[in-house]
Amino acid sequence: MKHTRWVVLIFIGILLVSSILPQSMAQKKDRLIDKILIRFFKYTYSNRLIPGFVFNPFITPWKIFRLVTPDLFTATPSTVDIEYLNQTEIIIGVKDPETGGYQRADEKPIQPLFPSEYFTFKLEIPEEIPKDALVYTFDPPMIKRGEKTELKTKLTIISNIPKNVTLAKNLVFRVNVTKWQVASNLWLPPKESRGLILGTLRTGRVGYIRITWLLAASKMFGTGFGWLSGKLLIAQTTYIDIMVKINRFHLAKITPPPPIEIRPNQLVSIPIEIQNLGSHVDSFNFEVNTTADTGIKVSAPPTITLAPGEIGHTSIEVASSLRFHNPGTVQSINIKAYSVYQPEKTFNSTIILTTRGIYISETSWVYLIVFWTIILVGVAIFFYRVRRKLEKICKKPEKPWNLPEEKKHLEKLKKENKEKYIKTLQMMREEYISALLWYRSYQKAMIKKIYKKKISPELSRRIFSKLNSMYKQVFKKKEKEPVVKTKKKERKIPSKIVELKKQPLEVIKTLADKVKKKAERNEKERIVLRIQREQQKQQKKIRKNLI
Amino acid sequence: MDRNFRLIKTFIAVWILILCVFTAASPITSAGILDKIAKAYILYSEIQIDYNKSAAESPILPITRVKEIPVYIKYRVNGFYADEMVPYYKNIPNYINIYVEKTPGWCTAGILPPVLEAYTSTNWTTINATLTISVDENASAFLDGTIKIAVKVPLFGTIQGGIFHGDIRFIPGYLPLLRFDFPTGTSKTIEPRETANFDIEIENLGNAKTEVTCRVLDPPKGWTVDVTPSTTVGSKILGDNPKQSIQLVVKPPYDFGIHNDREVIQVVVTPSHFSDPNLKGEDYILSFAVQSRGFSTPGFELTLVLLALPIISITVKKHRGKENRSNRRKV
């Protein structure tokens with residue numbers, strides 16, 4: 001009864017304190033009420049029977065009673081690089097701050113209220129990643145409390161992100177760690193903690209949980225946790241965020257055109273297709289090398305910048321070789337592309353090129369023209385000089401019908417007497433032919449004379465004998481071979497010359513003399529006529545002047 | 001017997017008292033006595049979110065880098081009777097959650113560990129966490145980025161919980177990225193006296209105003225190659241015009257004679273930050289093919305013709321005079 005009285009008094013005291021609480025909040029601590037409240041607080045925490053019994057954690061708001069203690073899971077590493085077809089490993093576990101390692105699963109004793117406790121893991125993949133793009137495993141998939149193992153699991157992610165999927169932005173993967181507990185009989189405190197009659201559960205400084213357990217476990221007086229008895233409960237859910245860096249990887253696919261045929265001395269653009277299969281926007285530089293001869297010039301495509309998955313078109317400029325004749329040389333051009341950010345990783349392709357055709361350079365044309373011009377000029381000069389020389393020896397006879405006097409005369413005859421005109425013209429022609437014959441024979445004779453003078457017979461003989469011996473040496477063997485006789489074509493000699501040839505030499509000589517004399521006479525006559533004309537002109541002029 | 005009876009009576013009385021206490025204080029009855037008393041013992045959680053400023057302020061390079069910024073969560077409790085009450089709590093940890101609340105669209109961030117163990121104290125106690133940031137190419141260079149992080153403190157006895165927010169400022173770095181277009185192609189066939197002009201259109205895909213420097217790589221002997229030495233290209237992110245054109249002018253050798261010269265001209269383009277030339281990007285190599293084909297006159301041909309004309313006329317006159325004289329002599 002003594003105890004009952006005390007309880008009643010305390011109870012009344014509490015009621016009184018609670019009624020004056022709002023006013024006391026604003027007061028200083030040295031007041032009586034503050035002292036009472038502090039003492040009361042301390043009293044509720046005392047380990048004695050009554051405060052332990054009355055102010056048990058179930059009903060005392062400032063007392064902490066925790067059935068489940070969270071486990072602090074974390075991920076190592078917290079950031080991972082993910083790449084196409086790579087494997088990433090992350091450790092998810094509870095770190096031991098003292099050792100730096102991981103806590104052991106059997107480090108904490110199994111709670112009597114929850115005889116079975118285990119952890120499961122699940123990876124939550126962001127929506128932007130297509131299904132089946134990532135395959136993940138947890139090893140072990142479940143950790144049971146009390147097992148002789150570390151409280152950790154190894155998460156392995158095998159990425160199989162399709163090449164056409166662009167994941168430019170980094171992602172956050174979330175690992176869901178769930179702590180499962182199987183509750184035993186929660187209506188009563190754990191067996192080993194029960195007292196002789198009422199049962200006790202000492203939880204540090206929290207106090208004694210006595211018979212009030214049953215009331216707290218009920219829905220009427222407590223939270224009703226007693227109803228969870230025998231059930232599998234989710235005790236804790238922890239989300240661990242892992243930063244997934246889509247690793248910047250550089251990959252390109254070059255699609256070369258089909259084999260191309262070009263002609264020599266051509267400048268052609270060969271289109272090529274390049275696709276960025278890397279993770280981010282990338283710029284690709286190009287390098288080219290060729291197995292072809294040095295005559296070919298190849299210009300690499302300029303830098304191309306492509307978004308992930310984008311297909312770009314560029315071209316290689318090829319100046320084909322300048323060979324005169326190319327029957328169809330097959331050459332290969334190796335294209336090397338590399339990201340400007342990773343020059344050591346190259347992506348290669350080859351273009352097959354056939355050069356076929358004939359090429360004559362402009363230079364050759366010019367040289368050819370110059371050569372022939374020189375030759376022609378040379379020949380012309382030669383003939384001109386020969387003509388001049390011959391003219392010095394003897395002038396070629398002029399056509400008599402072209403002489404102005406004769407021309408006038410012929411015109412006159414043409415008008416007056418046509419028959420006479422034809423006869424006169426015929427005569428003139430015959431006269432001209434004979435003059436020409438003489439001119440030619442005279443020329444030949446004169447040339448012979450000149451050569452005879454210039455080259456002595458001794459020297460000519462020596463030269464001839466030397467040439468003969470050389471000829472014999474060179475063509476000795478050839479001479480032995482049977483020589484097919486071929487009939488020489490007979491030159492047709494004009495009938496007049498044939499007739500002349502038949503005549504004795506003296507007659508010819510007299511004839512030639514006659515012709516020569518005639519020509520000389522003609523020439524003299526012409527000169528006389530010219531002088532006469534000039535004299536007439538002068539006379540006319542003098543007359544005019546006199547008048 | 002009486003004794004036993006008395007004991008039973010006491011037991012029943014105690015049980016009745018317990019029931020009364022429970023009824024008065026149980027959560028179902030919101031206005032329980034102990035709940036009212038608990039109001040006197042209310043403590044408040046205080047959180048300060050701090051971070052390593054030097055780590056955050058060093059620019060973070062977009063795409064390629066992930067930055068880890070140490071975050072310091074400072075925790076303490078405050079209240080009227082805090083000093084008296086805290087010793088009773090100090091050995092029982094509270095578990096606070098930390099998470100990234102908001103990031104800019106061009107940024108990805110995560111914080112670990114997600115749950116922190118905080119021991120109650122009236123003095124500041126610091127708990128460490130690590131914030132991981134990565135930035136993509138749309139982040140404007142050297143302009144502040146802010147990540148909002150939140151700390152959720154659960155109710156712990158009479159220690160009030162709450163959600164606390166903090167900003168972490170960081171600076172994205174400069175990412176130079178250029179795209180090229182060639183409206184006039186990359187190859188030309190010209191005559192020796194002509195010049196090959198190539199238009200190079202530059203688009204800045206980077207995250208800042210960029211100075212583009214161009215230089216000709218090993219110009220061929222006898223060829224004159226000129227390229228716009230530098231130009232400034234705005235950034236699309238900042239709302240500027242991201243395109244700019246430059247010119248490459250190639251003049252082949254034009255000495256007298258026939259030409260069939262083919263050369264590959266290479267131009268190296270280097271981007272750098274507009275205000276800090278030391279922040280350079282990678283070199284871009286642009287190749288152009290030029291073929292110079294045709295005949296090239298010496299250039300002074302007109303002078304030669306003008307000189308040759310009087311010489312020829314003099315020679316012809318002289319020659320005629322000579323002929324006339326010889327004819328007269330003959331006569």
Side-chain angles (χ1 to χ4, degrees), chain A residues 1 4 7 14-15 17-18 21 24-25 37-38 41 45 54 59-64 70 72 74-75 78-79 168-172 205 212 215 221-223 238-243 245 248 265 267 269 280-281 283 285 297 299-303 305 315 317 319 322 340-341 361-363 366, chain B residues 10 13-14 17-18 21-23 25-27 33-41 63-64 66 80-81 84-85 88 91-92 95 108 110-115 117 130 132 134 136-137 156-158 177-180 182 186-187 189 205 258 260 262 264 282-289 291 295:
Chain A
M1 281 308 280
T4 316
V7 170
I14 289 164
L15 287 173
V17 167
S18 67
L21 254 176
S24 70
M25 290 299 284
L37 280 167
I38 290 160
F41 181 82
Y45 269 92
V54 177
I59 58 163
T60 315
W62 56 87
K63 281 192 171 177
I64 293 150
L72 308 176
T74 191
S78 58
T79 307
K169 204 184 166 193
N170 293 337
L171 306 161
V172 173
R205 297 203 62 173
T212 47
L215 296 170
F221 300 107
T223 52
T238 311
Y239 294 101
I240 302 160
D241 288 344
I242 301 159
M243 165 83 80
K245 190 174 145 246
R248 187 172 200 177
N265 191 32
L267 182 67
S269 286
H280 294 79
V281 178
S283 298
N285 272 342
K297 284 248 175 188
S299 167
T303 306
T305 303
S315 60
E317 312 298 335
L322 302 173
V340 293
Y341 306 102
S361 72
E362 287 88 343
T363 323
V366 168
Chain B
T10 313
V14 167
L17 190 70
I18 289 167
V21 168
F22 252 92
T23 314
S26 71
I33 300 159
L34 291 180
D35 277 340
K36 281 192 173 175
I37 296 167
K39 279 178 185 171
Y41 300 123
I63 299 173
T64 50
V66 169
F80 199 69
Y81 302 115
E84 289 77 18
M85 288 166 68
Y88 293 89
N91 289 327
I92 312 162
Y95 295 93
T108 312
I111 197 159
L112 276 180
V115 182
E117 200 175 53
T130 308
T132 317
S134 87
D136 69 20
E137 63 269 26
F156 184 61
T158 51
L177 190 63
L178 300 177
R179 189 200 283 268
F180 299 92
F182 308 94
T186 53
S187 70
T189 302
L205 303 177
I258 296 247
N260 194 358
R262 294 105 55 88
V264 174
E282 306 296 330
D283 285 346
Y284 296 82
I285 300 162
L286 314 177
S287 299
F288 301 87
Q291 184 171 31
F295 183 75

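No hydrogens, no waters, no symmetry mates; every other heavy atom, side chains included, goes into these values.
Shown here for A/Ala300 and B/Ser287, the closest heavy-atom pair between the two residues is O-CB, 3.0 Å. Shown here for A/Thr303 and B/Tyr284, the closest heavy-atom pair between the two residues is CG2-CD2, 3.1 Å. A/Ser283 approaches B/Leu178 most closely through the heavy-atom pair OG-O, 3.7 Å. Residues A/Leu37 and B/Ile37 share a closest heavy-atom pair of CD2-CG2, 4.5 Å. Taking both residues in full, the closest heavy atoms of A/Thr305 and B/Arg179 are given as O-NH1, 3.1 Å, listed atom of the first, atom of the second, then distance.
The most heavy-atom pairs under 4.5 Å with chain A, out of B/Leu205, B/Leu177, B/Ile111, come from B/Leu177. For the set A/Pro301, A/Ser315, A/Ala319, the entry with the most heavy-atom pairs within less than 4.5 Å of chain B is A/Ala319. If you tally non-hydrogen atom pairs under 4.5 Å between each of B/Pro113, B/Gly110, B/Ser187 and chain A, the highest count goes to B/Ser187. Across A/Asn285, A/Asp241, A/Ile242, A/Val281, the residue that shares the most heavy-atom pairs under 4.5 angstrom with chain B is A/Asn285.
In this structure, CD on B/Glu84 lies 4.0 Å from CD1 on A/Ile38, to the nearest 0.5 angstrom. The structure places OG1 of B/Thr189 at 9.0 Å from CG of A/Asn265, a figure rounded to the nearest 0.5 Å. To the nearest 0.5 angstrom, A/Tyr45 atom OH is 9.0 Å from B/Tyr88 atom OH.
Between B/Thr186 and A/Glu317, some side-chain heavy-atom pair lies under the 4.5 Å cut-off. At least one side-chain heavy atom of A/Thr238 sits under 4.5 Å from a side-chain heavy atom of B/Pro114.
Ring centroid separation for the pair B/Tyr81 and A/Phe41 does not come in under the 6.0 Å cut-off.
At a 4.5 Å heavy-atom cutoff, the contact between B/Phe288 and chain A is made by backbone atoms alone.
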